[in-house]
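All values below were derived from every heavy atom in this structure, side-chain atoms included, with hydrogens, water molecules and symmetry-related copies excluded. Lettering follows sequence order; numbering is per chain, from 1. Given the structure is predicted, the values throughout are model-derived calculations rather than measurements.
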Amino acid sequence: MLDTQLLRKDIDTVVERLRARGFEFELDRYQDVEVRRKALQVATQALQNERNTSSRAIGQAKSRGEDASALLKKVGELGDELKRNEQELSALQEELSDLVSGVPNLPHPSVPVGNNENDNEFIRAWGEIPEYDFPVRDHVEIGQNLGAMDFDAAAKITGSRFVVMRGPLAKLHRALIQYMLDVHTTEHAYLETYVPYLVNSDSLFGTGQLPKFAEDQFVTREENWYLIPTAEVPVTNLFRDQILDADDLPIKHVAHTPCFRREAGSYGKDTRGMIRQHQFEKVELVQIVHPDDSYAALEELTGNAETILQRLELPYRVVSLSTGDLGFSSAKTYDLEVWLPSQQRYREISSCSNFEGFQARRMRARFRVAGDRKNTAPVHTLNGSGLAVGRTLVAVMENYQNADGNISIPEVLRPYMGGLEAIETLV
RNA sequence: GGUGAGGUGGCUGAGUCCGGUCGAAAGCGCACGACUCGAAAUCGUGUGAACGCUCUGCGUUCCGUGGGUUCGAAUCCCACCCUCACCGCCA
């Protein structure tokens, strides 16, 4: 949610910056509602004041044993108008908040202006793009040849965009999770956190998936709980309705969870393989920080995710998303893209974002400034994948494939694989 | 699923029977000041949140949520949600 003070003070700049990300703010409607809200709120509060004052006087008169019937009559006459005003005001306020809660965040000035992913800005690249002296296979072929990856079985059990894995490949998948958690907890000082995989609608509103992206979520029929699309939702909402001490910041959490996405509207996209699934594992980094520190934190968090790719010796590049490619809640996002030999291109494997106070305002996550006991201010929230596990597995399979169809196991994962050096065909 | 208890400020916790200076005692925490070479301890003062406006001030709303009664509701009535304890069932 944008800062309502900013909307009132400098709406023109807001409209312009939103336009850069391709969002047309309903200025006329906003101003119309806002003007009416202001007038009505002032009037209503004046009436409430009158009622309160008179009621207090009635109380005092009665306690002195005096006759209060004149006052009673007077206050009684306020009733209808007050009630009507209050109802109308709350309708207007609801309309206003509906309007504002559908508005995306403002891009940070450093974000490249553009229409879509083609306008993303290259930041840096790491690692050598590998060359192979044999025909490169994609992860589907490799996995199926090894007898360790089965999309047909998953389709039978459930439907498309799911996978079944077996044996050492399933173990490698698990090893990636363990490794990522270990690095982030022991080297990057994140607190390992276990959270529910089903959340209520308030949580999804807090991080910005609702109300606009309801069709991307899986929901339970009876309880109206949502399967989390990312651990960002439960972990960040840990701080919903909280007032933190400035001294407690920064707060850094890492959580491994499955993620569930309906992928509505991406029907033709990445239909083959594990790139785009309804269910996938992710290790997520979340930081809650002081507003002054959030851009330094974004660099740190992005670097934390990069560390995993570097240790796995997977070539990748970092891009800064353009205004047109930015997610709804984000002020600035770095995508990490890993090299996939079968596609001869980089594919997103992590998305690291600074939401500034956007999510914090939605979920009323504030901190108290030491010395200034009068005011609280929204914290800044960040998160990033460290990393998307399914896609990391794909990257390892493809980058570490051998001519004979086996997969070498990255050095750092071998301790997690009982010393195994390569995955060979299951018999 | 059954029975019972309960949801009050950053936290703990009174107030609810008997509606009226109760946005709310007390304690903790925090801030400032005094004492001190400095700190701890102690003492003093202050300290809920959100919002509006004609913004050194004035006002409004908020005691789980939503309705109702009333001139007036933390307090009375109704519905719902959640938490805890015990019993039953169960991974």
Side-chain angles (χ1 to χ4, degrees), chain A residues 1-9 11 30-31 33-101 194 196-206 219-226 234 237-249 251 288 290 357 359-379:
Chain A
M1 194 119 76
L2 295 180
D3 183 357
T4 51
Q5 297 302 327
L6 185 66
L7 287 180
R8 297 205 190 112
K9 278 205 297 265
I11 186 68
Y30 168 75
Q31 285 178 330
V33 179
E34 173 60 14
V35 164
R36 282 156 55 209
R37 183 231 101 219
K38 187 165 164 175
L40 192 60
Q41 182 160 353
V42 171
T44 305
Q45 291 188 351
L47 281 177
Q48 287 171 325
N49 183 17
E50 200 177 335
R51 178 205 57 200
N52 292 346
T53 311
S54 303
S55 292
R56 217 169 295 138
I58 291 169
Q60 285 167 349
K62 283 195 169 177
S63 73
R64 285 192 303 262
E66 297 169 8
D67 175 41
S69 57
L71 272 168
L72 268 168
K73 184 160 181 288
K74 188 183 146 216
V75 186
E77 287 162 0
L78 289 175
D80 282 350
E81 188 183 0
L82 220 191
K83 185 159 264 180
R84 218 173 326 115
N85 273 13
E86 281 174 343
Q87 282 169 355
E88 201 180 325
L89 179 62
S90 83
L92 277 181
Q93 279 171 331
E94 195 174 331
E95 185 176 354
L96 212 48
S97 96
D98 284 354
L99 197 153
V100 174
S101 61
Y194 176 85
Y197 302 156
L198 288 160
V199 296
N200 57 35
S201 58
D202 285 345
S203 294
L204 278 173
F205 180 85
V219 202
T220 67
R221 203 192 311 275
E222 299 299 327
E223 299 84 357
N224 210 35
W225 289 337
Y226 294 79
N237 274 282
L238 248 18
F239 304 95
R240 172 149 54 84
D241 286 313
Q242 294 273 302
I243 300 179
L244 301 160
D245 270 339
D247 292 344
D248 296 336
L249 306 177
I251 294 169
I288 312 294
H290 189 284
Q359 294 180 327
R361 276 187 295 272
R362 289 178 154 251
M363 62 177 82
R364 295 166 302 279
R366 304 90 97 206
F367 71 102
R368 202 183 294 282
V369 187
D372 177 9
R373 60 198 180 287
K374 190 61 205 153
N375 289 308
T376 66
V379 294

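In this structure, A/Asn49 reaches the B/U60 phosphate: one of its side-chain N or O atoms is under 4.0 Å from OP1 or OP2. Note on A/Gln5: a side-chain N or O is less than 4.0 Å away from OP1 or OP2 of B/G52.
For the pair A/Arg36 CZ and B/G52 P, the computed distance is 18 Å after rounding to whole Å. Rounded to whole Å, the distance from CG on A/Leu72 to P on B/G72 is 10 Å. In this structure, CG of A/Asp245 is placed 12 Å from P of B/G10, rounded to the nearest angstrom. One atom, CD of A/Gln242, and another, P of B/C11, lie 8 Å apart when rounded to the nearest Å. As rounded to whole Å, 17 Å separates atom P of B/G64 from atom CG of A/Asp202. Put simply, CZ on A/Arg37 is 16 Å from P on B/U61, counting in whole angstrom units. Atom CZ in A/Arg366 sits about 10 Å away from atom C1' in B/G10, given to the nearest Å. One atom, CD of A/Gln41, and another, C1' of B/U54, lie 15 Å apart when rounded to the nearest Å.
On the C1' atoms, B/C55 is 33 Å away from B/U65, given to the nearest whole Å. Atom name C1', nucleotides B/G48 and B/C11: the rounded distance is 12 Å, in whole Å. Only the C1' atoms considered, B/C82 is 28 Å distant from B/A26, to the nearest whole Å. Separation of the P atoms belonging to B/G4 and B/C80 is 16 Å when rounded to the nearest angstrom. B/C81 and B/A40 have their C1' atoms separated by 47 Å, given to the nearest Å.
In this structure, the nucleotide among B/G52, B/U69, B/U61 sitting nearest to the side chain of A/Arg51 is B/U61. Here the nucleotide nearest the side chain of A/Lys83, chosen from B/U69, B/U61, B/A49, is B/U69. The side chain of A/Val42 approaches B/C53 more closely than any other nucleotide in the set B/A50, B/C53, B/G10. Taking every side-chain heavy atom of A/Arg8 into account, B/C53 is the closest of B/U60, B/C53, B/A49.
Residues A/Met363 and A/Asp241 form no side-chain contact, since every pair of their non-hydrogen atoms from C-beta on lies 4.5 Å or further apart. Counting only heavy atoms from C-beta outward, the side chains of A/Asp248 and A/Phe367 never approach each other to under 4.5 Å. Here the side chains of A/Asn237 and A/Val199 are not in contact, with every heavy-atom distance at 4.5 Å or above. Between A/Thr220 and A/Tyr226 the shortest side-chain heavy-atom distance does not fall below 4.5 Å. Side-chain contact check for A/Arg37 versus A/Glu95: every heavy-atom pair is 4.5 Å or farther apart.
Judged by Watson-Crick or G-U wobble contacts below 3.5 Å, the nucleotide B/G4 has B/C84 as its partner. Here B/G66 sits opposite B/C78 as a Watson-Crick or G-U wobble pair (both hydrogen-bonding atom distances under 3.5 Å). Applying the Watson-Crick and G-U wobble criteria (two distances, each under 3.5 Å), B/C55 pairs with nothing in any strand. With a cut-off of 3.5 Å on both Watson-Crick or G-U wobble distances, the partner of B/G72 is given as none. Here B/U36 sits opposite no nucleotide as a Watson-Crick or G-U wobble pair (both hydrogen-bonding atom distances under 3.5 Å). Base pairing of B/U60 is made with B/A50, judged by Watson-Crick or G-U wobble geometry with both donor-acceptor distances under 3.5 Å. Across every strand in view, B/C28 sits in a pair with B/G10 that passes the Watson-Crick or G-U test at under 3.5 angstrom. Pair check for B/G19 finds none; no Watson-Crick or G-U wobble contact set falls under 3.5 Å.
A/Asp3 and A/Arg361 make their closest contact through N-NE, 3.4 Å (heavy atoms, listed as atom of the first residue, atom of the second, distance). Considering every non-hydrogen atom in both A/Pro378 and A/Ala360, the closest pair reads CB-CB, 3.9 Å.
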Listing time: all N or O pairs from protein to nucleotides 18-20 of chain B that are below 3.5 Å?
| residue | atom | partner | partner atom | Å |
| --- | --- | --- | --- | --- |
| B/G20 | O6 | A/Lys62 | NZ | 3.4 |
| B/G20 | N2 | A/Ser55 | O | 2.8 |

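Ranked by how close their nearest RNA chain B nucleotide is to the 5' end, A/Glu86 and A/Val75 are led by A/Glu86. Looking at which nucleotide of RNA chain B each of A/Gln93 and A/Ile243 is closest to, the 5′-most match is held by A/Ile243.
Residue contacts for A/Arg361: at a heavy-atom cut-off of 4.0 Å it reaches no nucleic acid atom on any strand shown.
Looking at A/Leu244, A/Val379, A/Ile243 one by one, the single match for side chain to side chain contact (heavy atoms under 4.5 Å, CB included) with A/Arg366 turns out to be A/Ile243. A/Leu92 pairs in a side chain to side chain contact (heavy atoms under 4.5 Å, CB included) with only one of the listed residues (A/Glu34, A/Arg36, A/Lys38), which is A/Arg36.
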